Amino acid sequence: MDVSFLGGPGPQRGVGVVAPFDFALDRELWRWTPDDVSLHVTRTPYVPVEVSLDLARVISEHETLRDAVSTLTEVTPEVVAYACTSGSFVGGVMGEHAMCEAMSRAGSVPAVTTSGALLEALVELDVRRLALVTPYTVSVTRALEEYVAQAGVTVTGRAYMSLTRQIWKVTYREVVDMARRAAVRGRLGAADALFLSCTNLPTYDVIPQLEAELRIPVISANQVTMWAALRRLGTRAVGPYQALIDTSARSGTGTGTGSGIGTGTGIGTGTGIGTGSALPAAGPVVPTGSVLPEGQEPPDARGVHGVSDAQGVPGAQGVSGVPDEKQQEGWT
């Protein structure tokens with residue numbers, strides 16, 4: 001069969017992605033990627049160090065990032081992205097800027113990081129008050145709060161998990177449950193948006209549902225990474241009705257009663273992507289919108305630990321008695 005009439009494959013533009021050695025959600029990154037863009041993913045070398053903020057610093061050293069970017073130069077990406085949240089906020093805002101400069105020099109192309117992309121997204125959405133969901137320990141969660149505070153953003157509430165392994169196995173139901181509790185209006189008022197931190201935390205399919213229910217923009221680590229990288233190419237991320245990447249989805253978010261995301265047959269609590277049967281039942285869950293008293297454990301066997309407002313993060317113990325300084329293996 002003569003297929004010469006087909007010509008070659010269409011031209012592809014490339015995004016180089018540097019991920020930590022334990023990153024497991026390559027497929028999620030691709031879901032935000034338009035058809036004419038290819039992702040070229042490389043990983044940092046394995047480091048036999050206990051997962052902690054110290055490891056976040058080690059794996060994000062400039063030499064490590066430069067070496068990783070250098071492995072991508074042969075496929076000529078037009079932009080490189082460091083897909084790691086904690087690794088890119090551990091040095092603060094100035095440290096994140098230095099990472100981008102080191103990567104850009106190594107690849108001679110623009111560079112972004114997940115945490116830098118987060119701040120860009122907060123500016124894009126005019127967010128000054130933010131609720132946080134993290135799978136991290138209390139110390140890493142505090143470091144994230146300090147990072148956004150440097151950009152003038154107040155954290156109104158948070159929920160964290162203190163996991164010690166395999167963040168990518170967290171279910172959507174658990175993500176939604178944490179989000180509901182983190183977004184509860186507390187002493188510091190209502191949040192303008194919710195951030196789901198960690199590039200190893202699955203988030204793609206829950207964002208529209210959470211935006212419909214909470215009526216605020218919901219952004220995630222992988223989403224902001226791809227959104228910012230693709231903006232450098234002059235193109236847009238793709239996704240189902242997400243406020244960050246679809247301006248038409250912003251009219252119905254917020255704390256008011258505006259139109260856009262309703263409760264009828266579209267995206268809401270009716271027959272669309274809402275709070276109905278989108279998520280399967282999977283064990284006991286703290287009721288929607290509840291906030292646990294400080295020190296009280298929720299009845300979730302996987303151990304969603306911290307729920308607090310920005311006055312302080314309770315120092316909960318990790319899953320199965322692991323101290324909260326022993327963080328999740330998937331720590332991105």
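This is a predicted model, so every value here is computed, not measured.
Ion pairing between R250 and E211 fails under the 4.0 Å rule for side-chain N and carboxylate O. The existence of a salt bridge linking D177 and R181 is confirmed by a sub-4.0 Å separation between a basic side-chain nitrogen and an acidic carboxylate oxygen. Residues D26 and R31 are not paired through a salt bridge, judged by the lack of any N-O separation under 4.0 Å between the basic side chain and the carboxylate. Contact check on K169 versus E174 returns no salt bridge, with no Lys/Arg side-chain nitrogen under 4.0 Å from an Asp/Glu carboxylate oxygen.
If you check the side chains of Q12 and S38, you find a donor sitting under 3.5 Å from an acceptor. Side-chain contact annotation: T225 with T114, donor-acceptor N/O pair under 3.5 Å present. A donor and an acceptor atom, one from each side chain of T134 and S197, are nowhere located under 3.5 Å apart.
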Exercise for the section: Apply side-chain contact (heavy atoms from CB on, under 4.5 Å) to V41 and R43, showing your working. Expected result: CA-CA 7 Å; V41 183; R43 282 167 170 75; 3.7 Å; yes

Problem - Pair V15-E78, side-chain contact (heavy atoms from CB on, under 4.5 Å): steps then yes or no - result: CA-CA 6 Å; V15 173; E78 296 179 50; over 6 Å; no

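Interatomic distance, CG of L119 versus CD of E124, reported as 13.5 Å (0.5 Å rounding). One distance of note links CE of M99 with OG of S60; it measures 4.5 Å at 0.5 Å rounding. Within the model, atoms NE2 of H40 and OG1 of T76 stand 6.5 Å from one another, a figure rounded to the nearest 0.5 Å. Distance CG/L132 to CG/L144: 5.0 Å, rounded to 0.5 Å. Rounding to the nearest 0.5 angstrom, the gap separating the CZ atom in R158 from the CZ atom in R142 is 8.0 Å. In this structure, L53 CG and T137 OG1 are separated by 6.5 Å, a value rounded to the nearest 0.5 Å.
You'll find the side chain of F195 stays beyond 4.5 Å of the side chain of V155, heavy atoms only. Taking the side chain as every heavy atom from C-beta outward, M161 and V170 approach each other to under 4.5 Å. A heavy-atom distance below 4.5 Å is found between the side chains of W32 and Q223. Residues F23 and N222 form a side-chain contact, since some pair of their non-hydrogen atoms from C-beta on lies under 4.5 Å apart. For the pair Y204 and Q242, the minimum side-chain heavy-atom distance is below 4.5 Å. Two residues are said to be in side-chain contact when any heavy atoms from C-beta on lie closer than 4.5 Å; T113 and C84 fail this criterion. Residues S162 and V138 have side chains not in contact (no heavy-atom distance under 4.5 Å, counting atoms from C-beta outward). At least one side-chain heavy atom of T44 sits under 4.5 Å from a side-chain heavy atom of V18.
I59 and Y46 fall within a single hydrophobic cluster, where Ile, Leu, Val, Met, Phe, Trp and Tyr side chains are chained together by heavy-atom contacts under 4.5 Å. I219 and V238 end up in different hydrophobic clusters when Ile, Leu, Val, Met, Phe, Trp and Tyr side chains are linked at under 4.5 Å. L194 and V123 fall into different hydrophobic clusters, defined by Ile, Leu, Val, Met, Phe, Trp and Tyr side-chain heavy atoms under 4.5 Å apart, directly or through other members. Residues Y82 and V75 do not share a hydrophobic cluster, defined by chaining ILVMFWY side chains whose heavy atoms lie under 4.5 Å apart. Under the 4.5 Å side-chain heavy-atom criterion for Ile, Leu, Val, Met, Phe, Trp and Tyr, V112 and V93 are members of distinct hydrophobic clusters.
What you find for S88 and S115 is that their closest heavy atoms are OG-OG, 2.9 Å. Across every non-hydrogen atom of P77 and L72, the tightest pair is CD-O, 3.1 Å. Taking every heavy atom of both residues into account, V218 and L196 meet most closely at CG1-CD1, 4.0 Å. The minimum heavy-atom distance between T64 and P45, with the atom names listed, is CG2-CD, 4.1 Å. Scanning all heavy atoms of the two residues, the minimum distance from A229 to A81 falls at CB-CB, 4.3 Å. Summarising the geometry of N200 relative to D22, their closest heavy-atom pair is ND2-O, 3.2 Å, with the distance given to 0.1 Å.
With sequence neighbours excluded, the residues that form a side chain to side chain donor-acceptor pair (under 3.5 Å) with R232 are E120.
Side chain of S104 to backbone of C100: no donor-acceptor contact under 3.5 angstrom is found. Using a distance-only test at 3.5 Å, with no hydrogens or angles considered, a donor-acceptor pair links the side chain of R13 to the main chain of L233.
A distance of 6.0 Å or more separates the ring centres of Y160 and Y136.
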